[in-house]
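Worksheet for the structure shown next.
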Amino acid sequence: MSVRREERPVKRHAPRRIQGMFLATVLASAALLVRLGYMQITENQLFQSQVSVQNYDTIPIPGPRGWIYDSEGNVLAADKADFNIVFIRYPNDLASASLIAKRLSPVLNIKASTLLYDMTTAKPGFATVTLVQNATPVELAYVAEHRNSLPGITMITTPVRVYPDGYLAAHEIGYIGPIPSQDVAQYEKQGYNPSSLVGLAGLEEQYQSVLRGKAGAEKIPVDPAGVPLSGGTIRLPAKAGDNLVLNLDGQLEQVAEQALIHRIQFLRSIGETNVDSGTIVVMNVHTGAVLAMASYPSYKPEWWIGGISPQHYQDFLQNDAGLNRAVSGLYMPGSTEKPLTAFAALMNHEMSPTLKVDDTGGLQIGTYYMRNWNQAGFGVIGLREALEVSDDTYFYQVGLDMGHFNVNNPPQNIEGWLTGPRVAALKQIDAMGKEFGLTSPTGIDLPDEATGYVTIANPPTLYDLPAAAIGQEEAYSTIGLATYVAAIANGGYRYQPEVVHEITSPSGKVIKVIQPHVIDKVNVNPYYLQLIKQGMELATHGTLGTATYFFGNDPINVAAKTGTAESGIPGRNNSVFIGFAPYNNPQIAVAAVIPNVTGEGFRAAAPMSKTVIDAYFAEQAQHAAQTVTKHP
């Protein structure tokens, strides 16, 4: 069989103003699908009783997948109708095959001899043969207009997935493809045809059972030898799957993705050649709704449609582009750990909220001297100021206090301390992390979530506990960091992050609304929460705040914590940022990571986060102005 596939790229409509054109085109295709199915309902009923007693050659018709929309109703993923031109080998029509081939040859641009071979000889024993896949409008129009002179020729509809915005939200949307060979048996038990296309990543995978359409079929009666019988075919119409409406704000998502890319490009332009990835997440602090989630490198979901090309597959693998770093990547958090350390110490009564530490530039622990990032030290300093300037020495001391280790009078049984109080203190940090969603799953509705952890080193050292206190012995996901800072902002409520807002039927009827879900109320004294929030506000507005340079004059009162952590490459660090805004009436939480930068972490992740935060509030102001205009 010679099946021609034309290389006609689907046009991508990035500008929102022409989104409607795409929607109209896809709706027209969908309407044609529905009409073709409707015309066969009567036939279906007439022949249904014969199905169990007669032989059929069946052409499966995949059910269209449900569509995916952003929060404003813009299409992120949809199905359009493609059509295959098929020849049914009725004995009477075979006699006309040569004439049919000659008539179709100039229209289909396929040699008549090739068409005749396919129609009469290829795939022996099959009642049908596909002559053209993805037929053009001109080809379809010709077949429709000359149906009477083309006996045995019919058109079969096939839905094809399209992603109109290219790279936008690729990691959230995911992609579809053939069922992996190792999973065929499992899918067959669920009623899938082995040739079905299924979600293999992102929402396409997570909500496969929701998006999945119900397959239809073109059933052609045949005799025991497989020869088609007269009397017409039975068309069992396919049914579309349900739709997803996301919390994702497409406009903000685009800003986040571009801010991430531009920051990486800028860093590389000034010699930071090891910087090649990053991630940023924006959440509603009162619902857990994921408003934006960018991960780089990325890919286009359309690459997988019809089989991924060798070049795209190489890019996909070499750049690890399929990894959603916001959900599946784990990063050492650096000083963004310090609020968590304080919570753990305060709630376990291992420190006083009024604790003062004399920072002379570091702390001597046994034979090891642990330096502060500011080697001159900050002098006598308290908790809020330690968060403002991100004082390492202060939190070294907090960590040691949690482990009951006095640097001036160390435990006589060091081995006992290493396996006892030291481990107990690390477990206190881990337990607090679980409450905030850092060392426990956040429950986000995307596949392959990685769970963060606190390292309990083996062999242990005297300095790994103070190192853990400043975020050098942990690894967290960006979605975990966003959940953590959202809980700080909203008073201690840990919401499950949700990408999907609601599920609707093909007609648009709401089937299910995903309600905000509080996983737990973090066991933190409100007074301690307020202290930490004040320290985070000083970090963006204090005289020595680590992020004051970026946020000090911003009209949006942002509270934040920056972080610098070893990335695994000598001389390179993770640049980490967590923040919420506005300080007095929090609406959104932001977490961002750019690995492998030189110097202090605020240089990379903070300015990118500011761009996204400012864009969110500018968009909110625009919506408010439009509302006032409509309803003066």
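Count residues from 1 along the sequence.
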Problem - Side chain proximity check, Arg268 to Asp276, heavy atoms < 4.5 angstrom - result: yes
Problem - Any side-chain heavy-atom pair of Met347 and Glu435 under 4.5 Å - result: no
Problem - Stepwise side chain to side chain contact (heavy atoms under 4.5 Å, CB included) check, Asn557 with His541 - result: CA-CA 9 Å; Asn557 193 358; His541 293 83; 2.8 Å; yes
Exercise for the section: Anything under 30° is parallel, anything over 60° is perpendicular, the rest tilted; go ahead and classify Phe316 against Tyr313. Expected result: parallel
Exercise for the section: Hey, could you give me the CD1/CG distance between Ile68 and Leu246, rounded to the nearest 0.5 Å? Expected result: 6.5 Å
Fill in the blank from the handout: On a heavy-atom basis, the closest approach of Arg494 and Ser440 is NH2-OG, 3.6 Å
Problem - Side-chain (Lys338) to main-chain (Gly563) donor-acceptor, under 3.5 angstrom - result: no
Problem - Donor-acceptor contact present, side-chain Glu350 to main-chain Gly403, <3.5 Å - result: no
Practice task
Would you check if the side chain of Lys533 reaches a backbone N or O of Ala489 as a donor-acceptor pair within less than 3.5 Å?
Solution key: yes
Practice task
Keeping the roles fixed (side chain from Asp445, backbone from Val500), state whether a donor-acceptor pair exists under 3.5 Å.
Solution key: yes
Handout entry: Flag side-chain contact, heavy atom, 4.5 Å: Leu244 against Ile503
Key = yes
Exercise for the section: Measure the shortest side-chain to side-chain distance between Ser477 and Leu330 over non-hydrogen atoms and say whether it is less than 4.5 angstrom. Expected result: yes
Problem - Minimal non-hydrogen separation, Val513 against Glu502, with atom names - result: CG2-OE1, 3.9 Å
Exercise for the section: Output, in order, the C-alpha distance, side-chain angles, deciding distance and verdict of side chain to side chain contact (heavy atoms under 4.5 Å, CB included) for Arg371 and Asp392. Expected result: CA-CA 8 Å; Arg371 297 183 183 278; Asp392 293 332; over 6 Å; no
Practice task
Would you sort out whether Ile588 and Phe617 count as a side chain to side chain contact (heavy atoms under 4.5 Å, CB included), showing the intermediate values?
Solution key: CA-CA 10 Å; Ile588 60 169; Phe617 286 101; 3.9 Å; yes
Completion exercise
Rounding to 0.5 Å, atoms CG (Leu418) and CD1 (Ile456) come to a distance of 12.5 Å
Practice task
Mark yes when over 12 heavy atoms from residues, nucleotides or ligands other than Lys512 sit less than 6.0 Å from its NZ; otherwise mark no.
Solution key: no
Problem - Crowding at OH, Tyr528 (>12 non-hydrogen neighbours, <6.0 Å) - result: yes
Handout entry: Neighbour count >12 (heavy atoms, 6.0 Å) for atom CD, Gln182
Key = yes
Exercise for the section: Run the numbers on Glu385 and Tyr394 for side-chain hydrogen bond (donor to acceptor under 3.5 Å, both in side chains), then give the verdict. Expected result: CA-CA 10 Å; Glu385 294 74 23; Tyr394 185 94; over 6 Å; no
Problem - Sidechain-backbone polar pair: Gln364 side chain, Gly366 backbone, donor-acceptor under 3.5 Å - result: yes
Practice task
Output yes when a side-chain donor or acceptor of Thr611 lies under 3.5 Å from a complementary backbone atom of Pro607, and no otherwise.
Solution key: yes
Practice task
With the side chain counted from C-beta on, respond yes when Phe436 and Ile488 share a heavy-atom pair under 4.5 Å apart, and no when they do not.
Solution key: yes
Handout entry: Minimum side-chain heavy-atom gap Leu346-Leu383 below 4.5 Å
Key = yes
Exercise for the section: Examine Phe343 together with Tyr484 and report whether their ring centres are nearer than 6.0 Å. Expected result: no
Exercise for the section: Determine the minimum heavy-atom distance between Ala450 and Ser328, stating which atoms define it. Expected result: CB-O, 3.5 Å
Handout entry: Under 3.5 Å: donor-acceptor pair, side chain of Glu449, backbone of Gly443
Key = yes
Problem - Crowding at CZ, Phe405 (>12 non-hydrogen neighbours, <6.0 Å) - result: yes
Practice task
Would you check if there is a donor-acceptor pair between the side chains of Asn247 and Asn284 at a distance under 3.5 Å?
Solution key: no
Problem - Shortest non-hydrogen contact between Ile613 and Val590, atoms and distance - result: CG1-CG2, 3.7 Å
Practice task
Please check if any side-chain donor atom of Ser335 sits under 3.5 Å from a side-chain acceptor atom of Ser390, or the reverse.
Solution key: yes
Problem - CG (Asn553) with more than 12 external heavy atoms under 6.0 Å - result: no
Practice task
Given side chain to side chain contact (heavy atoms under 4.5 Å, CB included), test Leu248 with Tyr69 step by step and report yes or no.
Solution key: CA-CA 9 Å; Leu248 207 70; Tyr69 303 87; over 6 Å; no
Exercise for the section: Starting from the C-alpha separation in whole Å, work towards a yes-or-no answer on side-chain hydrogen bond (donor to acceptor under 3.5 Å, both in side chains) for Ser567 and Asn596. Expected result: CA-CA 6 Å; Ser567 69; Asn596 302 328; 2.8 Å; yes
Exercise for the section: Verify, without hydrogens or angle tests, whether His404 (side chain) and Ala425 (backbone) share a donor-acceptor contact under 3.5 angstrom. Expected result: no
Problem - Backbone N/O of Ala344 and side chain of Asn348: donor-acceptor pair under 3.5 Å - result: yes
Problem - Backbone of Ile444 reached by a side-chain donor or acceptor of Thr442 within 3.5 Å - result: yes
Exercise for the section: Measure the spacing between OH of Tyr187 and CD1 of Ile179 and express it to the nearest 0.5 Å. Expected result: 6.5 Å
Handout entry: Centroid-centroid under 6.0 Å between Tyr299 and Tyr175 rings
Key = yes
Practice task
Would you give the length of the straight line joining atom CZ of Arg325 to atom CG of Asp320, rounded to the nearest 0.5 angstrom?
Solution key: 5.0 Å
Handout entry: Student check: side-chain heavy atoms of Asn324 and Asp448 closer than 4.5 Å
Key = no
Exercise for the section: Drop me the distance from Thr287's OG1 to Ile514's CD1, to the nearest 0.5 angstrom. Expected result: 12.5 Å
Exercise for the section: Could you tell me whether Glu537 and Arg384 have a side-chain N and a carboxylate O separated by less than 4.0 Å? Expected result: no
Fill in the blank from the handout: Separation between CG (Asp401) and CE (Met351), nearest 0.5 Å, reads 8.0 Å
Handout entry: Beyond-backbone contact of His501 with Ser71, side-chain heavy atoms, under 4.5 angstrom
Key = no
Practice task
Kindly give the heavy-atom pair with the smallest separation between Gly399 and Leu465, and that separation in Å.
Solution key: O-CD2, 3.2 Å
Problem - Tyr167 OH: over 12 foreign heavy atoms closer than 6.0 Å - result: yes
Practice task
Search all heavy atoms of Val558 against all heavy atoms of Ala581 and return the closest pair with its distance.
Solution key: CG2-CB, 3.9 Å
